[in-house]
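Computed from a predicted model, the values in this text were never measured in an experiment.
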Amino acid sequence: MNTFIKTGSRLGLGVALGLALAACGAGLPTSASPAGSAAAPAATDVPALSVAPSETPPADSGLPVVPRDLPTNAAEASRFIAKSTFGTTQADIDRVTQLGYSGWIDEQFAKPYSSHLANIAQMTAALTESSTQIGPGWMQNSFWRNAVTGEDALRQRVTFALSQILVVSQMNPDIGVRMAAGYYDVLGRNAFGNFRTLLEEVTLSPAMGIYLSHLGNRKTDLATGRLPDENYAREIMQLFTIGLYQLNQDGTVKVDPADGQPIETYGVADIQGLAKVFTGFSWGGPDTSSARFVNRLVGTSDRDILPMQGYPQFHEGGPKSFLGRTINTSSPNDSLKQALDILFNHENVGPFIGRQLIQRLVTSNPSPGYVGRVAAAFANNGQGVRGDMKAVIRAVLLDPEAANPPAAWASVNGRIREPVLRMSALLRALGATSTSKDFRIDFTDNPANSLGQSAMRAPSVFNFYRPGYVPPNSELSRTRLGAADRVPVAPELQITNEVSVAGWLIAAKAVIDNGYGSGNDVKPAFAPLVAIAHVPSALVDRLILLLAPGNQIPLSLRNEIVAEVSTITLPTSGDAAARLNRVKLATLLLVVSPEFMLQR
């Protein structure tokens with residue numbers, strides 16, 4: 001059994017199956033008619049889904065193995081889609097099967113971006129006299145609309161991954177709906193661009209300026225004792241570019257041979273020197289007057305989404321030293337560009353950012369070889385360009401380890417699906433649509449009866465969970481990986497507990513029973529599944545293909561679900577209600593299982 005399941009299911013996920021059965025007994029009829037029912041096929045008569053072997057796993061330090069580009073079956077295509085989007089649909093499976101993995105990625109790269117600001121503008125234009133204000137949950141509505149229905153499925157998924165690395169959160173009440181949408185669009189527009197451009201646009205975003213307090217940051221004033229705010233200088237190094245410790249290109253930590261301790265990337269003096277760079281930036285607008293700097297000129301309607309601009313009179317002149325380099329200019333814009341160039345070209349950025357993208361999309365515990373290949377793509381896209389996000393994304397998704405890990409990493413293959421990704425997978429698999437067209441799913445923060453997570457609402461700049469989190473006193477914490485004797489991590493388990501597990505059951509059952517969101521606005525389309533519900537094995541296999549393909553669901557669990565679904569008997573005529581109940585039961589039992597929680 002995968003070590004994630006051993007650890008995660010005993011943290012509370014194992015409770016969910018029993019709760020689900022009880023819930024189904026209370027909320028979903030277990031039979032439509034006791035008489036004249038059609039006999040269900042025996043679960044043991046149906047073989048497991050056939051999953052062909054994929055690429056040969058590479059050695060940890062070996063050269064990259066070019067993976068087979070065409071999936072050999074639908075399950076392989078579905079596994080790839082689950083890593084690359086917010087969830088699998090039949091249309092995605094068909095397209096990947098037709099184009100191959102590389103062809104599908106190329107097609108996705110060419111799709112236009114589904115803008116959140118455009119969605120907010122559309123909803124604003126529809127306001128009436130009785131409803132004249134932007135709703136506080138509109139950013140959430142826009143997120144779910146694009147996640148479930150966006151044509152640019154890969155870009156939307158990568159944008160969500162970036163939002164958990166370059167974190168801005170609406171938990172700060174000063175970051176309103178439009179400002180949050182503008183920031184998310186910065187990530188989305190640059191998801192397939194260059195990381196250097198992304199880093200600059202993130203730095204100049206007013207949302208980031210407010211969140212990490214460098215909007216309105218002023219130069220040193222010895223008379224008053226004022227020093228530049230150091231918040232953004234610290235976090236851009238620690239979280240957004242180079243991390244705390246010097247790294248080898250395979251992501252392993254460099255150690256000092258004298259004492260065997262990790263070598264730090266920066267110190268207090270580096271933070272203080274870099275903080276001077278981020279002085280003199282404030283609201284964008286047609287001038288750089290002092291009044292605009294302090295936001296006295298409130299007539300600029302787009303100041304919440306315009307990039308911040310430099311105000312020379314508030315910028316720290318003179319030398320600004322950090323990471324062994326010195327910048328000496330009085331121009332805030334020149335200072336910024338030089339500083340970001342220094343950070344961007346630091347050798348840590350490729351392995352530091354590359355590993356986190358692998359964690360967010362593919363597996364929590366990539367081998368050093370996997371990280372090294374992604375870092376190499378960051379360093380050079382094959383044409384001498386550093387930071388090409390398309391090259392990085394290709395390297396993450398097409399690496400042989402994305403399909404099969406090395407043997408030493410097999411027990412921790414995959415990643416725990418965080419609540420937002422569970423819900424998006426469920427909604428996409430069921431072809432959910434919105435009655436209002438706006439996908440009115442508002443805040444889903446409550447872990448007791450909802451997801452315990454909302455996009456763009458992380459509790460801190462450290463995201464919902466840390467990339468290096470290890471559940472204490474768990475099976476995972478007792479496991480060791482590779483020659484480095486490394487302890488594997490499970491970031492998403494930091495927000496998983498008995499309360500959140502029960503909350504997921506409640507949320508999943510709500511979707512399946514009645515729909516989700518305000519007024520049950522978002523509803524599944526069950527018709528394709530109802531059409532095959534007369535054969536329980538076919539129904540369950542279909543759901544497994546869309547929600548947990550390949551070897552994610554063991555044959556024993558698959559057969560248990562088939563047997564449970566078969567207890568809902570079908571009348572000889574008028575069996576539509578019973579078929580629907582079979583679909584609802586099969587779906588619920590699958591999505592509350594510990595095995596569904598693991599994407600691999």
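A salt bridge links E107 to R95: one of the charged nitrogens lies within less than 4.0 Å of a carboxylate oxygen. In this structure, D513 pairs ionically with K509, as a charged nitrogen and a carboxylate oxygen lie closer than 4.0 Å. Salt-bridge formation is detected for the pair R360/E492: a Lys NZ or Arg NE/NH1/NH2 atom is positioned less than 4.0 Å from an Asp or Glu carboxylate oxygen.
For the pair W504 (side chain) and V591 (backbone), a donor-acceptor distance under 3.5 Å is present. The backbone N or O of I441 lies less than 3.5 Å from a partner atom in the side chain of N141, making a donor-acceptor pair. Under the 3.5 Å distance criterion, the side-chain polar atoms of S78 are left unmatched by any main-chain donor or acceptor of A74. In this structure, S142 contributes its side chain and W138 its backbone to no donor-acceptor pair below 3.5 Å. A donor-acceptor pair under 3.5 Å is formed between the side chain of R417 and the backbone N or O of F596. When atom types are taken as modelled, the side chain of Q164 and the backbone of Q356 share no donor-acceptor pair closer than 3.5 angstrom. The main-chain N or O of S434 is never found under 3.5 Å from a side-chain atom of D438 such that the two would form a donor-acceptor pair. In this structure, D575 contributes its side chain and A578 its backbone to no donor-acceptor pair below 3.5 Å.
A tilted orientation is assigned to the rings of F160 and F86, their planes being inclined by 30° to 60°. The aromatic rings of F80 and Y101 lie tilted to each other, with the angle between the two planes from 30° to 60°.
Under the side chain to side chain donor-acceptor pair (under 3.5 Å) criterion, E200 pairs with R196, K337, sequence neighbours left out.
Inter-residue side-chain proximity for L547 and T88 is flagged as unmet; no heavy-atom pair is nearer than 4.5 Å.
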Given side chain to side chain donor-acceptor pair (under 3.5 Å), test Y469 with S364 step by step and report yes or no.
CA-CA 10 Å; Y469 177 75; S364 295; over 6 Å; no
